[in-house]
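Each ligand, and each atom within it, is numbered from 1 in the order the structure gives.
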Amino acid sequence: MNKEIFAVYPGSFDPLTNGHLDIITRASKLFSKILIAVTDNCNKKHSFSLNERLELVQESTKNLENVKVVSFSGLLADYLEQINSFVLIRGLRAISDFEYEFQMTLMNRTLNKKIETIFLIPDQSYTFLSSSMIKEVAMLGGNMSGLVPKCVAEKLEEKFPKHINNEYTK
Ligand code: ADP
């Protein structure tokens with residue numbers, strides 16, 4: 001264990017799930033500090049605003065002392081240079097994640113040779129979880145317990161009120 005390394009976990013977290021949280025918790029035990037970098041990318045359509053995403057990540061990680069949450073816009077490679085930190089954390093759920101992550105890793109390395117990406121695998125009970133799947137299920141009124149932190153479940157309920165589902169069953 002190298003306690004001196006400061007690692008960055010970038011992502012859109014739209015919204016944060018228990019899968020992301022599992023990766024954050026694992027990373028926080030391996031590195032001295034984890035910076036969760038929430039993307040503020042205008043080209044990507046998000047269901048939650050940047051502020052909502054930041055607040056939910058902050059609230060869900062408040063018990064992890066060495067975890068800090070920030071937002072960034074633009075190229076990740078430039079942001080890493082700006083903060084002088086070159087270790088990235090990414091999560092791998094299944095082989096389907098591999099191709100995209102592989103391309104992204106090599107692109108980041110091409111942009112900046114100092115960047116190293118470390119992949120962590122979540123507990124197997126979270127390998128099927130994705131933010132988009134969570135939103136689909138929440139929109140249809142599905143139970144979120146065990147899938148997302150409590151504050152995220154509350155926000156999903158506020159955003160996608162259950163009566164949307166009931167209208168179809170009337
Ligand atoms: P991005 O838009 O950058 O892919 P995400 O918020 O979707 O952002 O994901 C950020 C990182 O977390 C990615 O490396 C993704 O593979 C990983 N991740 C997403 N869901 C899970 C999960 N259930 N378990 C483990 N890793 C996950």
Side-chain angles (χ1 to χ4, degrees), residues 5-31 33-61 64 67-80 83 85-112 115-139 142-153 155-156 159:
I5 296 180
F6 158 23
V8 179
Y9 180 33
S12 30
F13 306 104
D14 187 37
L16 179 96
T17 70
N18 281 349
H20 292 123
L21 203 51
D22 181 283
I23 297 294
I24 296 164
T25 308
R26 285 172 200 280
S28 74
K29 292 178 188 154
L30 293 171
F31 300 100
K33 188 171 155 196
I34 304 294
L35 193 67
I36 305 176
V38 181
T39 51
D40 178 17
N41 185 349
C42 337
N43 299 327
K44 211 167 165 180
K45 237 184 147 351
H46 294 116
S47 307
F48 291 82
S49 71
L50 175 64
N51 269 348
E52 288 175 322
R53 289 181 286 129
L54 275 171
E55 269 175 33
L56 293 174
V57 179
Q58 239 142 18
E59 173 65 21
S60 311
T61 57
L64 297 168
V67 172
K68 207 179 146 213
V69 189
V70 294
S71 68
F72 79 100
S73 55
L75 211 50
L76 178 62
D78 291 342
Y79 178 67
L80 296 178
I83 61 171
S85 177
F86 302 99
V87 175
L88 284 181
I89 302 290
R90 294 289 287 176
L92 270 187
R93 286 162 286 196
I95 200 76
S96 50
D97 276 342
F98 182 78
E99 196 166 346
Y100 175 75
E101 295 292 343
F102 178 74
Q103 287 181 336
M104 188 60 96
T105 298
L106 293 183
M107 178 54 82
N108 280 328
R109 188 182 285 168
T110 304
L111 294 168
N112 190 330
I115 301 174
E116 285 297 350
T117 306
I118 311 262
F119 293 98
L120 296 177
I121 293 176
D123 185 277
Q124 64 193 35
S125 56
Y126 300 130
T127 50
F128 67 97
L129 265 185
S130 68
S131 299
S132 47
M133 179 71 80
I134 284 296
K135 285 181 281 192
E136 258 181 63
V137 175
M139 263 182 230
N143 185 354
M144 290 287 118
S145 88
L147 305 178
V148 296
K150 189 166 172 272
C151 60
V152 176
K155 196 80 188 169
L156 282 163
K159 221 172 238 312

Residues which pass side-chain hydrogen bond (donor to acceptor under 3.5 Å, both in side chains) with Lys150, listed by chain and number, not counting sequence neighbours: Glu154

Qualifying residues under ring pair (Phe, Tyr, Trp, His ring centres under 6.0 Å), relative to Phe98, sequence neighbours excluded: Phe102

Aromatic plane relationship, Phe13 with His20 - under 30° parallel, 30 to 60° tilted, over 60° perpendicular: perpendicular

Set of residues satisfying ring pair (Phe, Tyr, Trp, His ring centres under 6.0 Å) with respect to Phe48, sequence neighbours excluded: none

Leu75: which of Asn108, Leu111, Leu80 passes side chain to side chain contact (heavy atoms under 4.5 Å, CB included): Leu111

Main-chain N/O of Leu129 paired to Arg93 side chain as donor or acceptor, under 3.5 Å: yes

Residue contacts for ligand 1, heavy atom to ligand atom, distance under 4.0 Å: Tyr9, Pro10, Gly11, Ser12, Phe13, Gly19, His20, Ile23, Lys44, Arg90, Gly91, Arg93, Asp97, Glu101, Pro122, Tyr126, Leu129

